[in-house]
Amino acid sequence: MTIARQEMINQLKLIVDAYTENKTALEQINEQTDFIKDLNINSANLVDIVLDVEQAFDIEIDNTSMERMLTVGASIAVIEEKLAAKKPD
Amino acid sequence: MPRRVVITGMGVVAPNGVGLPAFRTALRLGKSGIRQQPILEQLQFSCRIGGKPELDDVLMASYLTPLELRNFDSSGILYGLMAAVDAWKDAGLPMAGEENPDWDSGAIFGCGSSGVDKFRSSIYKIDALQTRSLGSTVVAQTMSSGISAYIGGKLGLGNQVSTNSSACTTGTESILMAYERIRSGKAIRMVAGSTSDSGPYIWAGFDAMRVCTFKHNDEPERGSRPMSASASGFVPGSGAGALVLETLESAVARGAKIYAEVVGGHINSGGQRGSGTMTAPNSEAVQRCIREAVLDAGISADAIDLISGHLTATTKDVTELENWVTALGRSGKKFPYINSLKSMVGHCLSAAGSIECVAAVLQLHEGFIAPNLNCEDLHPGIAALVDPEMIPRQLISRPVRVVAKASFGFGDVNACIIFKNHQPV
């Protein structure tokens, strides 16, 4: 795993911390972690997580991409796409 | 056979006291919770005083999780939730476990509107084309049933969980609705009560109608003057009151403390006919409501020791006294004691009925009659009907067996409830 990816997981972990009571599962967070199934996050809060991600990475996430963001790995993929699209080069 | 219904827990978030012990002390001492509200001055209101419960972040954090407090901006839901949770704990009841709701317990908890500050900030975002970033809690905080939904979730209630709304009658109505549900055997216990947001966006409509006083901006504690000759409009207030109602059988089986028994009541409307309008009560309906409540309670009108009036500090106070005199057939020295909590907390609007019911039940349970503030110049129209001694300005310690509490609201709606001292069998 690249350092950049691990860094992204750490950033997501910080964001998600506010929305989960399951701190044990949060400690084990990895790319396979499912927000609802593994972290018991209320599905209504997924939209809040996406808003926090937008702010943290200074990106905008469209509704279709948002639908994919159910796991940590899928979220990182979306974030990477949006960051890449943002770069002028 | 209808079930007997008793009150086993109470909670209150009032401008003159947050939590039952503080409120009880304020009530006995006649402590005013009316203060200058700088925001009302900034916004150039006519009335620049109001009643707002004093809370701090530490207290709030003991009722809502950090996640719940994120983007939270609904003072009414906060007040109502605090009062309801306090009442539940006061009744010695546990929160339902993680898995199953408590099927026998429900809530009827009213409000006039919900989360007006949250609604306001959302509207600014929507108009700035930011709907996508409103976050997930706008609906929960601004739906009318937000308050009962928050309470139901905190306590794990599995019976009926509803919000009622009937303007300034809301609080008294909620208790009567909960009473009916238990009496008819559909629930064993209910949290009943009501709440109202604080602040300019709730109070503005009343200020615009010129029904709030603008004559006491420099002396807030003297501003709310029910039954006074110099009453010149109500002082807006806010907060919440909550009562746990439960079958006598359940209360006795649990060994719960019993504050009082709800023995009956009545809810009606004047239909905005006769003297009734959108904003003024039909006196015939008010009298009928009181008489029906007494009848429903199976008591004699002479048994009433104390009236907890609606009495907002407008010219309608005299009319209210006339209605009590006519409905009960009691006047002069034979009139019961009467007081208005609004002299201490202002008119808490949709929360008024429930906060005043908490005050009424405290007086009944502890055997005292709270003072009326600011009626040293009793209105002559009232003095002509009722012996001024029955409108105490000092605390009176004496047994109180039966209290009648009435509330009236916009839409020409009325509610009257009768509380009786519970004698252990």
Side-chain angles (χ1 to χ4, degrees), chain A residues 10-29 33-72 74-75 77-79 81-83 85-86, chain B residues 57 60-74 77-78 81 85 95-101 114-115 117-119 121-157 161:
Chain A
N10 291 345
Q11 270 189 275
L12 276 177
K13 187 178 167 188
L14 279 177
I15 289 172
V16 163
D17 182 49
Y19 301 97
T20 179
E21 302 275 305
N22 193 343
K23 304 300 180 191
T24 320
L26 186 66
E27 280 313 308
Q28 316 290 323
I29 193 168
T33 303
D34 183 296
F35 293 131
I36 296 174
K37 287 185 199 134
D38 298 323
L39 298 179
N40 314 111
I41 288 172
N42 181 333
S43 60
N45 282 139
L46 291 183
V47 68
D48 300 308
I49 292 174
V50 171
L51 292 176
D52 290 354
V53 165
E54 286 190 333
Q55 201 170 17
F57 293 92
D58 190 24
I59 51 177
E60 189 161 310
I61 298 169
D62 57 280
N63 293 347
T64 316
S65 301
M66 193 185 292
E67 283 174 358
R68 285 160 51 203
M69 295 172 63
L70 298 171
T71 64
V72 170
S75 301
V78 169
I79 295 166
E81 272 171 36
K82 301 300 172 191
L83 284 173
K86 221 175 72 165
Chain B
D57 292 347
M60 279 166 65
S62 59
Y63 294 87
L64 289 165
T65 65
L67 177 56
E68 287 166 330
L69 282 167
R70 281 178 69 132
N71 302 315
F72 185 83
D73 198 9
S74 174
I77 289 178
L78 175 66
L81 185 64
V85 168
M95 310 279 188
E98 283 296 306
E99 294 303 319
N100 295 310
S114 181
D117 293 317
K118 184 70 184 174
F119 200 37
S121 61
S122 299
I123 284 170
Y124 277 114
K125 276 194 166 181
I126 294 160
D127 287 346
L129 313 182
Q130 290 297 313
T131 299
R132 62 183 300 280
S133 60
L134 283 175
S136 68
T137 63
V138 176
V139 177
Q141 290 187 56
T142 63
M143 63 184 189
S144 297
S145 59
I147 181 53
S148 53
Y150 271 81
I151 293 169
K154 278 286 168 197
L155 303 180
L157 305 177
V161 173

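Sequence lines set the chain letters: A, B, ... in the order given, protein chains first and strands last, and positions in each chain run from 1.
- Nearest heavy-atom pair, B:Ser136 versus A:Ala44, reported as atom, atom and distance to 0.1 Å: CB-O, 3.1 Å.
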Is there a salt bridge (charged side-chain N to carboxylate O under 4.0 Å, His left out) between B:Arg70 and A:Asp52? Walk through the geometry before answering.
CA-CA 12 Å; B:Arg70 281 178 69 132; A:Asp52 290 354; 2.8 Å; yes

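- Looking only at distances, no side-chain donor or acceptor of A:Asp48 sits under 3.5 Å from a matching main-chain atom of B:Gly135.
- To the nearest 0.5 Å, the span separating CD on A:Glu54 from CZ on B:Arg132 amounts to 4.0 Å.
- B:Phe72 CZ: more than 12 foreign heavy atoms inside a 6.0 Å radius.
- Within 6.0 Å of CD on A:Glu81 lie more than 12 heavy atoms contributed by other residues, nucleotides or ligands.
- The closest side-chain heavy-atom distance from A:Leu51 to B:Leu134 is not below 4.5 Å.
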